[in-house]
Undergrad: 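For reference, the structure I am asking about is given below.
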Amino acid sequence: MGNSALRAHVETAQKTGVFQLKDRGLTEFPSELQKLTSNLRTIDLSNNKIESLPPTIIGKFTLLKSLSLNNNKLTVLPGELCNLKKLETLSLNNNHLRELPSTFGQLSALKTLSLSGNQLRTLPPQLCNLQHLDVVDLSKNQIRSIPDIVGELQVIELNLNQNQISQISVKISCCPRLKVLRLEENCLELSMLPQSILSDSQICLLAVEGNLFEIKKLRELEGYDKYMERFTATKKKFA
């Protein structure tokens, strides 16, 4: 991509606060953006070939609310990313991430996090420190089990479709705000699904198709009627 074209995008972003440069084959985060660290509210560099984020620049976008880097080649995230105190939406689908920075819990304004199609093997414990997190998409990763820390998650919707999950901590029923739990196409046997999800949780939409049991067997479990009451009540609310 020519310098003049990039310059034009930078000039536009200076006025609008939005920098969008998708499908351009970029291999690096554009260094020209360091001129706009106090301007930008949105950056979208999806569908490129970016392998890393520059630590010296990325943490300086003090007003940034939305960062999208879907379909790139990121393998790690710099800790400096966690300086983005106003960031509300972070989309990193289809990269090569195996873990999150230890300081990830400092993204205190984060509401929506998309990490579908990466190489995560565990539920990142840092997510439990994010008090305003509403939606997390961890689908299409390599997660095998859901540990006890899940009970501290504040999310409303948790998508774990298409992982390798065979075990789930009963603590998932303690999530104070969890309404939607997606567990489709995993390795769950019915005996490994905590019954308290049905009887004692806030969950009103449980998606478990494509596991190692028939859905009709789920309906025979104790507590299923309580789950259906929540499901029906929510449906009526949005009807």
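Throughout, residue positions are numbered sequentially from 1 according to the sequence presented.
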Undergrad: For I203, does its backbone N or O pair with a side-chain atom of R230 as donor and acceptor, under 3.5 Å?
TA: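 Judged by distance alone, yes, a pair lies under 3.5 Å.
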Undergrad: State whether the side chain of Y227 and the backbone N or O of D200 hold a donor-acceptor pair below 3.5 Å, judged by distance alone.
TA: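 Side chain of Y227 to backbone of D200, a donor-acceptor pair under 3.5 Å: no, none is there.
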Undergrad: State, to 0.1 Å, how close P147 and S145 come at their nearest heavy-atom pair, and which atoms those are.
TA: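 Smallest heavy-atom distance, with atoms named: CD-O, 3.7 Å.
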Undergrad: For D134, give me all partners under salt bridge (charged side-chain N to carboxylate O under 4.0 Å, His left out), at least two apart in sequence or on another chain.
TA: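 In terms of salt bridge (charged side-chain N to carboxylate O under 4.0 Å, His left out), with neighbours along the sequence ignored, D134 is linked to R177.
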Undergrad: Find the distance between CG (L64) and CZ (F19) and round it off to the nearest 0.5 Å.
TA: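 Those atoms lie 12.5 Å apart.
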Undergrad: Which residues pass the salt bridge (charged side-chain N to carboxylate O under 4.0 Å, His left out) test with R98, not counting sequence neighbours?
TA: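 Scan of R98 (salt bridge (charged side-chain N to carboxylate O under 4.0 Å, His left out), adjacent residues dropped) gives none.
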Undergrad: Distance from N163 atom CG to L120 atom CG, nearest 0.5 Å?
TA: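 Answer for the CG-CG pair, N163 versus L120, is 8.5 Å.
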Undergrad: Show the numbers, then the answer: is there a side-chain contact (heavy atoms from CB on, under 4.5 Å) between V155 and L178?
TA: CA-CA 6 Å; V155 298; L178 187 61; 3.9 Å; yes
Undergrad: Between N129 (side chain only) and L127 (backbone N and O only), is there a donor and an acceptor less than 3.5 Å apart?
TA: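 Absent.
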Undergrad: For residues 72-91, which residue pairs pass the side chain to side chain donor-acceptor pair (under 3.5 Å) check, not counting sequence neighbours?
TA: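 For residues 72-91: none.
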Undergrad: Side chain to side chain donor-acceptor pair (under 3.5 Å): which pairs involve residues 53-71, sequence neighbours left out?
TA: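 Sorted pair list: N47-N71, N71-N94.
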Undergrad: Taking L181's backbone N and O only, do any of them form a donor-acceptor pair with N159's side chain (distance below 3.5 Å, no angle check)?
TA: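 No, because the side chain of N159 does not come within donor-acceptor range (under 3.5 Å) of the backbone of L181.
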Undergrad: How would you list all residue pairs meeting ring-ring contact (aromatic ring centres under 6.0 Å, His included) that involve residues 91-136, not counting sequence neighbours?
TA: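 Checked against ring-ring contact (aromatic ring centres under 6.0 Å, His included) - neighbours excluded - no pair reaches residues 91-136.
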Undergrad: Taking all atoms of both residues into account, what is the closest heavy-atom pair of P176 and G151, and its distance?
TA: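 Scanning both residues completely, I find the closest heavy atoms to be CD-O, 4.2 Å.
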Undergrad: Between N95 (side chain only) and L97 (backbone N and O only), is there a donor and an acceptor less than 3.5 Å apart?
TA: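 A pair under 3.5 Å: no.
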Undergrad: How would you list all residue pairs meeting side chain to side chain donor-acceptor pair (under 3.5 Å) that involve residues 165-176, not counting sequence neighbours?
TA: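 Listed by first then second residue: D148-S169, S173-S196.
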Undergrad: Would the distance check show the side chain of R41 and the main-chain N or O of T16 forming a donor-acceptor pair, the cut-off being under 3.5 Å?
TA: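 Pair found, side chain donor or acceptor close to backbone of T16.
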Undergrad: So, the side chain of D137 versus the backbone of S114: is there a donor-acceptor pair under 3.5 Å, distance only?
TA: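 Flag not set: sc D137 to bb S114 has no pair under 3.5 Å.
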Undergrad: Not counting sequence neighbours, which residues clear side chain to side chain contact (heavy atoms under 4.5 Å, CB included) with P125? List them please.
TA: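 Partners of P125 under the side chain to side chain contact (heavy atoms under 4.5 Å, CB included) test: I149.
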Undergrad: Membership question, hydrophobic clusters at under 4.5 Å side-chain separation (ILVMFWY): are L84 and V18 in the same one?
TA: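 No, separate clusters.
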Undergrad: Could you check I168 against M192 for side-chain contact (heavy atoms from CB on, under 4.5 Å), going step by step and ending with a plain yes or no?
TA: CA-CA 7 Å; I168 301 178; M192 290 290 139; over 6 Å; no
Undergrad: Give a yes or no on whether the backbone of S31 and the side-chain of Q34 come within a donor-acceptor separation of less than 3.5 Å.
TA: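 Yes; judged by distance alone, with no hydrogens or angles, the pair exists.
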Undergrad: Can you name the side chain to side chain contact (heavy atoms under 4.5 Å, CB included) partners of E229, sequence neighbours left out?
TA: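 So E229 forms no side chain to side chain contact (heavy atoms under 4.5 Å, CB included) with any residue.
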Undergrad: Measure the CG-OG distance between L63 and S38 for me, rounded to the nearest 0.5 Å.
TA: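 OG of S38 is found 7.0 Å from CG of L63.
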Undergrad: Using 0.5 Å steps for rounding, measure from the CG atom of L158 to the CD1 atom of I172.
TA: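 Going from the CG atom of L158 to the CD1 atom of I172 covers 6.0 Å.
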Undergrad: Who are the side chain to side chain contact (heavy atoms under 4.5 Å, CB included) partners of T122, not counting sequence neighbours?
TA: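 Result, side chain to side chain contact (heavy atoms under 4.5 Å, CB included) vs T122: none returned.
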Undergrad: Roughly how far apart are N161 CG and K140 NZ, rounded to 0.5 Å?
TA: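 Reported to 0.5 Å precision, the distance equals 9.0 Å.
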Undergrad: Considering all heavy atoms of both residues, which atom of L36 and which atom of A13 are nearest to each other, and what is their separation?
TA: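 Shortest heavy-atom separation between L36 and A13 comes out as CD1-CB, 3.8 Å.
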Undergrad: Treat each ILVMFWY residue as a node, draw an edge where side-chain heavy atoms are under 4.5 Å apart, and state whether I50 and V10 are in one component.
TA: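 Both belong to a single hydrophobic cluster.
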Undergrad: In Å, rounded to the nearest 0.5 Å, how long is the span from CG of L33 to CG of L45?
TA: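 Separation between the atoms: 6.5 Å.
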Undergrad: So, D44 side chain and S46 main chain: donor-acceptor pair closer than 3.5 Å or not?
TA: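 Yes.
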Undergrad: For the pair E51 (side chain) and E28 (backbone), establish whether a donor and an acceptor sit closer than 3.5 Å, ignoring hydrogens and angles.
TA: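 Here the side-chain-to-backbone pair does not exist.
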Undergrad: Partners of R182 by salt bridge (charged side-chain N to carboxylate O under 4.0 Å, His left out), sequence neighbours excluded?
TA: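 Scan of R182 (salt bridge (charged side-chain N to carboxylate O under 4.0 Å, His left out), adjacent residues dropped) gives E157.
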Undergrad: Name all residues meeting the side chain to side chain contact (heavy atoms under 4.5 Å, CB included) criterion together with Q202; count only those two or more places apart in sequence or in a different chain, and write none if there are none.
TA: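 For Q202 the side chain to side chain contact (heavy atoms under 4.5 Å, CB included) partners, ignoring immediate neighbours, are K179.
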Undergrad: Do you know which two heavy atoms are closest between C204 and F231, and how far apart they sit?
TA: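 Nearest heavy atoms, C204 then F231: O-CD1, 3.2 Å.
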Undergrad: Applying side chain to side chain donor-acceptor pair (under 3.5 Å) as the test, list every pair that has at least one member in residues 209-222; sequence neighbours left out.
TA: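 Every candidate side chain to side chain donor-acceptor pair (under 3.5 Å) pair involving residues 209-222 fails, so no pair, neighbours aside, qualifies.
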Undergrad: side-chain contact (heavy atoms from CB on, under 4.5 Å) for N48 and D23? Distances and angles first, verdict last.
TA: CA-CA 5 Å; N48 283 292; D23 300 295; 5.9 Å; no
Undergrad: Start with the C-alpha gap between L21 and L6, add the side-chain angles, then the distance that decides, and say whether side-chain contact (heavy atoms from CB on, under 4.5 Å) holds.
TA: CA-CA 9 Å; L21 204 55; L6 183 56; 3.7 Å; yes
